[in-house]
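Residue numbering restarts at 1 for every chain, and letters A, B, ... go by the order of the sequence lines.
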2 protein chains.
Amino acid sequence: MPRAVKKAQTSTGCSVERALSLIDGKWKIVILYKLLRGTLRFNELRRLIPGVTQRMLTHQLRELEADGLIVRVVYAQVPPRVEYSLSTRGQSLEPVLLALKHWGDTNLSSREAEAA
Amino acid sequence: MPRAVKKAQTSTGCSVERALSLIDGKWKIVILYKLLRGTLRFNELRRLIPGVTQRMLTHQLRELEADGLIVRVVYAQVPPRVEYSLSTRGQSLEPVLLALKHWGDTNLSSREAEAA
DNA sequence: CTGTATCCGGCACGATACTG
DNA sequence: CAGTATCGTGCCGGATACAG
């Protein structure tokens, strides 16, 4: 994705651009998509998204959290346990994510369009 | 958007990522969105997208064309006239674009998008 | 397990000037 | 009008090491 605009920018008068600014970043949409299925732990996300590094995963998760799209829950345990899930706002992105998935399946004709 | 992955990458097994790779770039989605309304000329797009430079507009348009999302028609006239419009594949993105617009309007609107 | 800290390269993008 | 050409750069994102 584009780096889109740095921070939400109302001047453009285009809500699409503002929406884009929240989901820019190389992994955000994929993260959100994975979370559609339900709560996931840090390493679970890591495994589900091949190629992402700890740094980027952490960074993108933090941004998503800051934008109120996901919820981060930390359990004070000896082996740390952190769970990520979609916030209400994040869940409202479902139509977009599914539309994107559907489009990808339809127009990129991947025979293995396995439901990730 | 993220720079996504450079070129379509099948290995991830996620059609969403492949779809994303086609719409990465800072202005692509906005361009596509503007073209939903119909054919537009180069400078018309330029005016509709404040902040975009000639270079970037040209570049993004070329990528969109290469990915088969838009159609570029050149009229051999003395004042050059180039028209851009969505291809069939591009038009198939309409649900995604509208979903994104709807989400933006709903969640980023002037009033708080509380949506508990 | 779930992160932070640091270093660093590349390319995405911008600014400007020029052209058919 | 609709682009190229060229140059410069921010910062995104990868690699690696360290930490609670």
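We find that CD1 of Ile49(B) is positioned 12 Å from P of dG14(C), with the value rounded to whole Å. For the pair Met56(A) CE and dC8(C) P, the computed distance is 19 Å after rounding to whole Å. In this structure, Arg41(A) places its CZ atom 7 Å from C1' of dC1(C), rounding to the nearest Å. Atom CG in Leu61(B) sits about 14 Å away from atom P in dC13(C), given to the nearest Å. Atom CD in Gln60(B) sits about 14 Å away from atom P in dT4(D), given to the nearest Å. One atom, CG of Leu45(A), and another, C1' of dC1(C), lie 13 Å apart when rounded to the nearest Å. Atom CZ in Arg46(B) sits about 9 Å away from atom C1' in dA2(D), given to the nearest Å. Rounded to whole angstrom, the span from the CG atom of Leu57(A) across to the P atom of dG14(D) amounts to 11 Å.
Here Tyr84(A) reaches the OP1 or OP2 of dG3(C): one of its side-chain N or O atoms lies under 4.0 Å away. In this model, the phosphate group of dT2(C) is not approached by any side-chain N or O of Arg72(A) to a distance below 4.0 Å at OP1 or OP2. A close approach under 4.0 Å does not occur between any side-chain nitrogen or oxygen of Arg47(A) and OP1 or OP2 of dT2(C).
Using a 4.5 Å cut-off on side-chain heavy atoms (C-beta onward), Arg72(A) and Val82(A) make contact. Counting heavy atoms from C-beta on, the side chains of Glu65(B) and Leu69(B) never come closer than 4.5 Å. Counting heavy atoms from C-beta on, the side chains of Phe42(B) and Arg47(B) never come closer than 4.5 Å. For the pair Asp67(A) and Lys28(A), the minimum side-chain heavy-atom distance is below 4.5 Å.
Salt bridge present: Arg81(A) and Glu83(A) bring a charged side-chain N and a carboxylate O closer than 4.0 Å.
Out of dG3(C), dC13(C), dG14(D), the shortest distance to the side chain of Lys26(B) is found at dC13(C).
Taken together through direct or relayed side-chain contacts under 4.5 Å among Ile, Leu, Val, Met, Phe, Trp and Tyr, Val30(A) and Leu48(A) form part of one hydrophobic cluster.
The shortest heavy-atom contact between Tyr84(B) and Leu35(B) is O-CD2, 3.4 Å.
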Inset, instruction - Do nucleotides 15-20 of chain D as a string where each nucleotide becomes B, S or -: B if the base has a protein heavy atom under 4.0 Å, S if just the sugar-phosphate does, - if no protein is that close. - result: B-B--B
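Between Thr58(A) and Pro79(A), the residue anchored nearer the 5' end of DNA chain C, judged by the nucleotide with its closest heavy atom, is Pro79(A).
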